[in-house]
Amino acid sequence: MDSLELSKIEALKNIILEWFYKNRENYSFRNNRTPYRVWISETILQQTRMSAALEKMENFFLHFPDLNSLAAAREEEVLFAFKGLGYYNRARNLLKGAKYVVSKYKDIPSEYNQLIEIPSIGPYTASAIASICFGKLTPVIDGNIKRIFARIFQIEIEIKNSLFLSQLNLILLKMFNFNILNPGDLNEALMEFGQKICKVKNPQCLTCFVQKYCLAYKNSSVNKLPFITRPENKIIVNWKLYFFINNRKVLLNQFNDFYLLKNHIGFPSIIEMNDEKFFSTHGDIYNNFLSNYKLHNFVNGDKHTITNHQIRFSYCIYDLKNIEINGEDLFWCPFENVENFLVSSGLNKTWSSVYDQIFARGGT
DNA sequence: AAGTCGGGGAA
DNA sequence: TTCCCAGACTT
């Protein structure tokens, strides 16, 4: 039985690798594969669609072409290079990681056990760097890998269950235990197979070259696998924004411990959800406006999603001419520079439409 | 072990 | 509308 399993795993490995070498995409991040570039590209790809990641990756490398330039950066610069990508702690942790590597190693180490100690690098990224850059036999586990093996081997266990992971690791251990010339290629082949053929929706089973090995196909359970528990419904959030205008400048607010987008720069805000309220600032602006926000007329703006929050933006515009502002977390910013401070897509979208309105009525 | 953290493309 | 993606970190 075990020998049958082994020969099946070896056949799978060979057939997927063969497909990969004929059909692999020429993604830009596959050029010039230094450990630094692999680290950054794999981090940007986390939980991010390929097309979106590809656009932003080159921009990041333009700002920070190598380890030392990243390690020397300010956090706001790194955050801004991550503009629109989401999960912004990835950016902060990249900076922490770069500083850590520079101080401890000077360059990125080659062993999995060293890599995983680096901030921002978890099991997936450590395995990716070790295999792609250093030829280590470290299988990566991402959503693709979980899906294709759950299907091929009919693993009917919820993917967050540790039992699922142990079964998957057993298979991967066998697959990566053969004489493999380039384990990095195998990792990428498995992921690309999941991305292009064994897709979440509309898997290409009828023409799939793995079909005869696939238990889920045999048992018509492809669309039921893998087992994934659905997250709860999104929390409805009302996010009220104040746009204070004065002489073609708008008042920006450094969020500190706000409810969402912590440490981002935005506009003075109130977040309402159920019976809870959160205020983005607590100085004069809070006393004169935010504390009595229900007296003001807010106009509905865009909808936006942040992880498990469904956000409804609304806003009002005030001319704050001749009013002094106190608060270390507040500052005036010329209209044309605002987009250099906003990182989140939701705030960018809202500012863009508000700016258009102000411009349409002649500016302020 | 469970909760947190963005955004957008596809169906 | 709903789903979920080349995950890591905190609690």
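The basis for the numbers below is simple: all heavy atoms, side chains too, and nothing from hydrogens, waters or symmetry mates. A note on names: the letters A, B, ... follow the listed sequences, proteins ahead of strands, and every chain is numbered from 1.
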When you match A:Thr125 and A:Lys303 each to their closest nucleotide on DNA chain C, which lands nearer the 5' end? A:Lys303
Looking for any heavy atom pair under 4.0 Å, which part of the strands does A:Ile121 touch: base, sugar-phosphate only, or nothing? sugar-phosphate
For A:Asn308 and B:dG8, give me the distance from atom CG to atom P, rounded to whole Å. 17 Å
Which part of the nucleic acid, if any, lies within reach of A:Ser345 when heavy atoms closer than 4.0 Å are counted: base, sugar-phosphate only, or nothing? sugar-phosphate
Tell me: NE2 of A:His309 to P of B:dG3, nearest whole Å? 13 Å
Expressed as a whole number of angstroms, how long is the span from A:Leu94:CG to C:dA6:C1'? 14 Å
How many whole angstroms separate atom CG of A:Leu54 from atom P of B:dG9? 13 Å
How long is the line joining NZ of A:Lys234 and P of B:dG6, in whole Å? 12 Å
Whole-Å distance, A:Asn89 CG to B:dG6 P, equals 7 Å
What I want to find out is whether A:Glu272 reaches A:Lys240 closely enough, with some N-O distance under 4.0 Å, to be called a salt bridge. yes
Test item: A:Arg151 side-chain N/O and A:Leu225 main-chain N/O as donor-acceptor pair under 3.5 Å: yes
Protein-nucleotide distance (A:Arg312, atom CZ; C:dT1, atom C1'), rounded to Å: 12 Å
Does any N or O donor sit under 3.5 Å from an N or O acceptor when you compare the side chain of A:Tyr124 with the base of C:dG7? no
What integer distance in Å separates A:Asp257:CG from B:dT4:P? 14 Å
Reading DNA chain C from 5' onward, which residue's closest nucleotide shows up sooner: A:Lys201 or A:Ala126? A:Lys201
Would you call the rings of A:His296 and A:Phe298 parallel, tilted or perpendicular if under 30° counts as parallel and over 60° as perpendicular? perpendicular
